[in-house]
Amino acid sequence: MNVVGYIRVSTQGQAKDGYSLKYQEEEIQAYCEKHGWNLIHIFRDEGISGAKINEEALEVDRVGLQEMLAHLSSLQIKYVVVLNTSRLWRSDMVRVLIHRELQKYGVDIKSMEQPNYSIYKKDPSDVLVNGLMELLDQYQRLEIALKLKKGRHKKAKEGGYAGGRATFGYRKLRGEKELRVDEDKAKAVQRVFELREQHPTWSFTRIANVLNKEGHLTTQGKPFTKVQVKRILDRKDFYKGMYTYGCIQAKGKHQAIL
């Protein structure tokens, strides 16, 4: 059976409890040897509080712990072995976050000083823990959505591309922040507005037929329909260099086609 160990000391904790890293490591090694467990690795954090979290990311702010959690996603681990659970957490918030991560991978905690402890043991506090986990998940989703929205709004106010599918006539290359003109598609855009100006009474379907006869194709490589023609005409301001995102309108950073 594969297990990993975790040890931690804070400056105050080491002086108060006498749980040095070396002592914890030796105890875990002896414990695993006694039970015949395969101890793959012992992860460690030194001089870090057991209550420290990254409030923005909603994760425990410890390098050793994060490395351990990353290993759990790629290895079949049964237990995280610790001297006692205080090495993993010293606050309810941290406990909930660690429980949530371990449960993702079906891993339990084996505490040498609390032999009956299990994160899967049913007791009244489970209702509170599970409720907190659901609230944290919901909060995290809302927080991420809010940050993304703020970022897009800021970029849109500056005239930058705020995400979404690139408007016909442009393309977005991986790693680049702004839109580039697609020369072939830009010709189709210019042709649509040219036909509209020359023949204001023509239907969208008739304009689409002309584009198809001239060999223009949509982004998917298909013939134009009246729907694509209308979409192009509706984006006249964008093709003239203006960027609109929701209620925000600004001079765009993209090159105008018209």
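Heavy atoms only: backbone and side chains are in, while hydrogens, waters and symmetry mates are out.
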Item to complete: Could you tell me the separation between the CD1 atom of I109 and the OH atom of Y6, rounded to the nearest 0.5 Å?
Response: 11.5 Å
Fill in: Parallel, tilted or perpendicular, as decided by the 30° and 60° cut-offs, for the rings of H41 and H71
parallel
Fill in: Atom pair CG/NZ of L217 and K185 - distance to nearest 0.5 Å
6.5 Å
Worksheet item: Shared ILVMFWY cluster between L233 and V227, side chains joined below 4.5 angstrom?
Response: no
Worksheet item: Do the non-hydrogen side-chain atoms of Y120 and H99 ever get within less than 4.5 Å of each other?
Response: no
Discussion item. Could you measure the distance from the CZ atom of R171 to the CD atom of E183? Nearest 0.5 Å is fine.
Written reply: 8.0 Å
Practice prompt. For the residue pair W37 and Y31, categorise the inter-ring angle as parallel (less than 30°), tilted (30 to 60°) or perpendicular (more than 60°).
Written response: perpendicular
Worksheet entry | Least distance between heavy atoms, L39 atom then G5 atom | CD1-N, 3.6 Å
Item to complete: Show the numbers, then the answer: is there a side-chain contact (heavy atoms from CB on, under 4.5 Å) between Y117 and N84?
Response: CA-CA 10 Å; Y117 185 86; N84 55 54; over 6 Å; no
Worksheet item: Around Q255, counting heavy atoms of other residues, nucleotides and ligands shown, do more than 12 lie under 6.0 Å from its CD?
Response: no
Discussion item. If the threshold is 4.0 Å, N to carboxylate O, is there a salt bridge linking E101 and K104?
Written reply: yes
Worksheet item: With no hydrogens and no angle check, is any side-chain donor or acceptor of D45 less than 3.5 Å from a backbone partner on G64?
Response: yes
Worksheet item: Is there a side-chain contact between V9 and Q24 (heavy atoms, below 4.5 Å)?
Response: yes
Fill in: Distance (rounded to the nearest 0.5 Å) between E25 CD and Q29 CD
5.0 Å
Discussion item. In the structure I gave you, are the side-chain heavy atoms of I119 and V107 within less than 4.5 Å of one another anywhere?
Written reply: no
Response to the item:
CE (M68) and CD1 (I40) are apart, to the nearest 0.5 Å, by 12.5 Å
Item to complete: Check the surroundings of atom CD in E197: do more than 12 heavy atoms from other residues, nucleotides or ligands lie under 6.0 Å from it?
Response: no
Response to the item:
Heavy atoms of N212 and H216 approach each other most closely as OD1-O, 4.0 Å
Practice prompt. List the steps, then state whether side-chain contact (heavy atoms from CB on, under 4.5 Å) holds for I257 with Y170.
Written response: CA-CA 9 Å; I257 289 177; Y170 294 88; 3.4 Å; yes
Practice prompt. Look at the rings of H199 and W202 and say which category their plane angle falls in: under 30° parallel, 30 to 60° tilted, over 60° perpendicular.
Written response: parallel
Item to complete: Kindly give the heavy-atom pair with the smallest separation between G241 and A256, and that separation in Å.
Response: N-CB, 3.9 Å
Worksheet item: How far does CZ of R44 sit from CD of E67, to the nearest 0.5 angstrom?
Response: 11.5 Å
Practice prompt. With the side chain counted from C-beta on, respond yes when Q114 and T85 share a heavy-atom pair under 4.5 Å apart, and no when they do not.
Written response: yes
Discussion item. Any non-hydrogen side-chain atom of V210 less than 4.5 Å from a side-chain atom of L195?
Written reply: yes
Worksheet entry | Trace of the side-chain contact (heavy atoms from CB on, under 4.5 Å) decision for L88 with L65 | CA-CA 8 Å; L88 283 167; L65 183 66; 4.1 Å; yes
Worksheet entry | Heavy-atom side-chain proximity of F168 to I232 below 4.5 angstrom | yes
Worksheet entry | Least distance between heavy atoms, Q228 atom then P223 atom | OE1-O, 4.5 Å
Worksheet item: So do I28 and I42 actually touch side chain to side chain, heavy atoms under 4.5 Å?
Response: yes
Worksheet item: Would F43 and R8 count as a side-chain contact (heavy atoms from CB on, under 4.5 Å) if you check the C-alpha gap in whole Å, the side-chain angles of each, and the deciding distance to 0.1 Å?
Response: CA-CA 9 Å; F43 297 89; R8 180 190 62 81; over 6 Å; no
Worksheet entry | Smallest separation among heavy atoms of M1 and K78, with atom names | SD-CG, 3.1 Å
Worksheet item: Can you check whether I7 reaches R87 side chain to side chain, under 4.5 Å on heavy atoms?
Response: no
